[in-house]
There are 4 protein chains.
Amino acid sequence: MPKTKKQFAEIREEKKSLIIETAIELFAEKGFHNTSISEIAKKAGISKGLMYNYYESKEDLLRKGMYSLANEFIQNIDFNRNKVLEKYELLTFLNSIIDHLKKNLKFWKFLYAVINQPVVFKILEKEMEIISEPMTKMLVKYFKSNGFKKPETEAAFLNALLNGVCSEYIFAPESFPINEVKKKIIEMYNLKSK
Amino acid sequence: MPKTKKQFAEIREEKKSLIIETAIELFAEKGFHNTSISEIAKKAGISKGLMYNYYESKEDLLRKGMYSLANEFIQNIDFNRNKVLEKYELLTFLNSIIDHLKKNLKFWKFLYAVINQPVVFKILEKEMEIISEPMTKMLVKYFKSNGFKKPETEAAFLNALLNGVCSEYIFAPESFPINEVKKKIIEMYNLKSK
Amino acid sequence: MPKTKKQFAEIREEKKSLIIETAIELFAEKGFHNTSISEIAKKAGISKGLMYNYYESKEDLLRKGMYSLANEFIQNIDFNRNKVLEKYELLTFLNSIIDHLKKNLKFWKFLYAVINQPVVFKILEKEMEIISEPMTKMLVKYFKSNGFKKPETEAAFLNALLNGVCSEYIFAPESFPINEVKKKIIEMYNLKSK
Amino acid sequence: MPKTKKQFAEIREEKKSLIIETAIELFAEKGFHNTSISEIAKKAGISKGLMYNYYESKEDLLRKGMYSLANEFIQNIDFNRNKVLEKYELLTFLNSIIDHLKKNLKFWKFLYAVINQPVVFKILEKEMEIISEPMTKMLVKYFKSNGFKKPETEAAFLNALLNGVCSEYIFAPESFPINEVKKKIIEMYNLKSK
DNA sequence: CATGAATGAGTATTCATTCAT
DNA sequence: CATGAATGAATACTCATTCAT
């Protein structure tokens with residue numbers, strides 16, 4: 001008796017997850033071009049051929065990996081609000097972004113390993129917009145509605161600052177004083193409630 | 001008339017510079033792994049064989065390239081002072097770093113392309129310290145001598161901020177408002193001399 | 001009510017036909033090596049596994065395909081006569097061969113795609129004899145009994161001519177003037193009755 | 001002291017010829033898809049890498065091979081005449097084509113092995129026109145200027161006939177009575193001088 | 001009878017590096 | 001000092017075939 005469709009679908013989903021997670025991990029550790037398909041397959045405990053059963057190519061693996069990470073990030077942060085942002089919400093945003101960073105170091109490493117390679121970035125342009133666009137929009141809106149004189153500059157500044165903080169933390173999670181730095185940012189923007 | 005030894009040495013040095021500059025340019029544009037030795041040789045107008053006469057390997061090219069860039073950067077910035085930093089000097093530092101960024105975009109692209117690839121970074125660890133170590137030291141010293149409560153945190157913060165600013169500017173030199181952001185940093189630290 | 005043995009056998013035969021026809025079609029369109037088992041299975045609406053239930057291998061598919069085509073061709077043409085061929089019968093032969101060509105373009109494409117690949121042809125040597133041997137025999141017999149001086153040469157000539165006609169027609173069915181050419185052959189051999 | 005440009009050019013030409021000849025031979029023997037680059041390299045006594053130093057890809061090898069064969073054939077046959085064809089010239093054409101066939105069996109095998117594979121033919125469309133176009137033109141012109149009623153049909157017929165003759169001869173050079181068949185064609189068209 | 005997940009050997013292609021001249 | 005022909009190991013990807021269910 002053959003396996004049911006559902007059984008097959010389950011197997012597929014499990015394997016797909018296993019493969020993409022392994023790939024993300026290796027891309028994060030070693031970069032895109034230094035990771036071979038053989039290596040991914042070996043680490044995932046499957047054959048090279050099977051990988052191609054689930055993903056079209058190495059690029060596909062990269063794109064799908066980035067896509068799922070980006071979406072997962074977006075859901076965690078929740079930019080999608082139409083009403084005006086309150087101060088406490090920017091605080092929430094800051095907290096959640098730094099929380100996500102601490103808890104998902106691997107994913108952030110993947111992100112930075114990947115976007116700083118010109119050729120690799122080209123592959124991901126579309127997927128990257130999922131993250132960058134709503135984030136910038138939200139920041140601009142916040143600074144605008146809170147009476148900052150140059151909201152675009154403010155957004156660019158905070159964006160750069162967060163980018164740098166992530167970058168430094170990824171680079172040396174042990175020694176970079178991320179909590180102290182977060183406190184400083186909160187004070188800078190006067191975000192503490194009460 | 002045969003060339004003198006000195007002339008030979010000069011030719012040698014010129015060729016070496018030409019090669020390394022070509023390599024840096026290509027690494028910046030396309031990343032380390034997407035640039036082939038053949039390409040570098042072709043663009044530099046020499047043969048592959050000759051390249052190996054001057055540099056041991058592709059890795060060597062990378063290391064020497066980074067080394068020369070780092071030194072050139074250090075000389076431009078001049079961290080090496082033992083006396084206490086004055087405010088106007090931090091201003092100078094900030095100005096010169098952003099100036100250097102604007103004028104040497106290619107080199108900064110190279111830097112970011114290269115340090116964010118874990119495997120490639122491994123090759124460069126030693127060379128990177130030339131830049132990062134004195135910079136951090138200088139910042140810490142400055143904040144300490146200017147009465148900041150947590151000089152290490154302040155240094156880490158400013159470091160991250162500058163890192164982020166460079167990263168954003170490299171990514172989109174046209175649209176990132178670097179001058180406005182610089183102004184904001186100057187105000188933040190109250191650096192404007194009157 | 002469970003299916004009877006006979007019904008099962010019928011289903012089997014239908015599936016087998018479906019598979020082999022699909023295979024022939026694809027081999028004709030894309031060549032043997034450019035057609036994958038997956039593709040055949042997909043187009044036939046079955047699983048790869050099932051295909052192996054009916055046929056041993058890709059080669060087997062090719063051989064059985066050729067075998068069935070060859071037999072179908074032979075039955076259409078009816079070479080198997082012991083009595084001496086009359087003129088009108090050669091006319092019939094010519095007509096039926098060209099008719100078959102026009103109506104079964106796919107099969108002829110398959111034939112030519114396949115026999116002109118040396119390695120593939122090796123696989124089919126036995127099956128090919130089903131066609132070529134009786135055809136040559138018949139022609140030789142005809143020319144002999146009709147008083148031609150060199151029946152073997154005549155047979156070889158007509159064989160080559162028909163081979164070329166088929167080849168040209170397969171290649172460009174729209175532009176090759178097959179009817180005019182047929183007329184010319186009929187005149188050449190003075191085959192028109194009365 | 002480095003090799004001179006001329007020396008390098010010589011080496012290149014020799015190797016290029018060696019490679020392409022080996023490739024043609026193998027494509028003729030085994031077909032395009034059944035011949036691997038490794039095999040070609042091995043038979044030519046060079047490394048796979050070197051092949052790619054001289055030819056861009058396997059397809060390039062095929063195209064360049066066909067191109068050179070086609071040109072060599074064209075030069076042997078000499079279709080390029082503007083004046084009206086005389087009878088003895090068609091005889092010359094027939095003779096030279098069959099001569100070429102006998103002497104260059106490998107090349108003709110290559111041709112037939114290659115053009116009958118749909119996918120492979122696509123690659124060669126442009127190169128094939130070098131042969132087919134002038135040949136058809138010449139035949140049509142001949143039949144026209146010699147008062148045949150349907151010159152296009154005549155050309156198509158002769159074309160098909162020659163195609164078939166070549167095909168049969170390639171297939172069984174020992175047993176196909178090519179000389180007898182040639183004689184028959186000469187008689188058919190009444191080409192014998194005097 | 002039927003499925004499609006899984007394998008592994010095979011293929012074209014790239015590229016840092018060596019070396020004879 | 002200078003050349004580029006030559007190598008070989010590595011890489012992404014394909015596909016006929018097997019097999020547990």
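Numbers restart at 1 for each chain; the letters A, B, ... are given by sequence-line order, proteins then strands.
- In this model, the phosphate group of F:dA2 is approached by a side-chain N or O of B:Tyr54 to a distance below 4.0 Å at OP1 or OP2.
- Comment: D:Glu21 does not engage D:Lys16 in a salt bridge, judged by the lack of any side-chain N to carboxylate O separation of less than 4.0 angstrom.
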Dot-bracket for DNA chain E, 5' to 3', with Watson-Crick and G-U pairs under 3.5 Å, [ ] for crossing pairs and | for other-strand pairs: what is it?
.||||||||||||||||||||
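- When all heavy atoms of D:Gly65 and D:Ile20 are compared, the closest pair comes out as N-CD1, 3.5 Å.
- Neither OP1 nor OP2 of F:dT14 sits under 4.0 Å from any side-chain N or O of A:Tyr52.
- A heavy atom closer than 4.0 Å to some atom of DNA chain F occurs in B:Lys15, these being the qualifying members of residues 14-33 of chain B.
- At a threshold of 4.0 Å, the pair A:Glu25-A:Lys106 counts as salt-bridged, since one of the basic side-chain nitrogens sits closer than that to a carboxylate oxygen.
- For B:Lys58, a side-chain nitrogen or oxygen approaches OP1 or OP2 of E:dA16 to under 4.0 Å.
- With hydrogens and angles disregarded, a donor-acceptor distance shorter than 3.5 Å links the side chain of A:Glu39 to the backbone of A:Ser36.
- Heavy-atom minimum distance, D:Phe32 versus D:Gln117: N-OE1, 3.9 Å.
- Checked by distance alone, A:Lys5 brings no side-chain donor or acceptor within 3.5 Å of a matching partner on the base of E:dT3.
- The residue C:Leu50 sits close to a base: some heavy atom pair falls under 4.0 Å.
- Atom OH of D:Tyr55 and atom C1' of E:dT13 are 17 Å apart (whole Å).
- Of the candidates E:dA6, F:dA6, E:dA2, F:dA6 carries the atom nearest the D:Ile11 side chain, counting heavy atoms from C-beta on.
- Separating the CG atom of B:Asn34 from the P atom of F:dA12 is a distance of 12 Å, rounded to the nearest angstrom.
- Nucleic acid contact for C:Ser36: sugar-phosphate only, since backbone atoms but no base atoms lie under 4.0 Å from a heavy atom of the residue.
- Where B:Thr35 and A:Met51 each meet DNA chain E at their nearest nucleotide, the meeting point lying more 5' is that of A:Met51.
- A straight line from CD1 of A:Ile37 to P of F:dT14 spans 11 Å, rounded to a whole angstrom.
- A donor-acceptor pair is defined here as one N or O able to donate and one able to accept, closer than 3.5 Å; such a pair exists between the side chain of D:Gln7 and the backbone of D:Thr4.
- Note that the CE atom of A:Met66 and the CD1 atom of A:Ile123 stand 10.5 Å from one another [nearest 0.5 Å].
- By the 4.5 Å heavy-atom criterion applied to side chains, A:Phe27 and A:Lys109 are not counted as neighbours.
- Spacing between atom CG of A:Asn53 and atom P of E:dT3 amounts to 16 Å, rounded to whole angstrom units.
- Considering only side-chain atoms of A:Ile46, the nucleotide from E:dT7, F:dA6, E:dT17 that sits closest is E:dT7.
- Between the side chain of D:Lys58 and the main chain of D:Thr35, a donor-acceptor pair closer than 3.5 Å is present.
- E:dC19 atom P lies 16 Å from atom CZ of D:Phe8, rounded to whole Å.
- What separates CG of A:Leu62 from C1' of F:dA12 is a distance of 14 Å, to the nearest Å.
- Judged by atom type and distance alone, A:Lys48 does not reach the base of E:dT7 through any side-chain donor-acceptor pair under 3.5 Å.
- Put simply, D:Arg12 has no side-chain N or O that comes within less than 4.0 Å of OP1 or OP2 on F:dG4.
- Between B:Glu59 and A:Gly45, the residue anchored closer to the 5' end of DNA chain E is A:Gly45, taking for each the nucleotide with the nearest heavy atom.
- Between D:Lys6 atom NZ and E:dT21 atom P the separation is 19 Å, expressed in whole Å.
- Within the 3.5 Å criterion, the main-chain N or O of A:Arg63 finds no donor-acceptor partner in the side chain of A:Lys126.
- The CD atom of A:Glu10 sits 15 Å away from the P atom of E:dG4 (whole-angstrom rounding).
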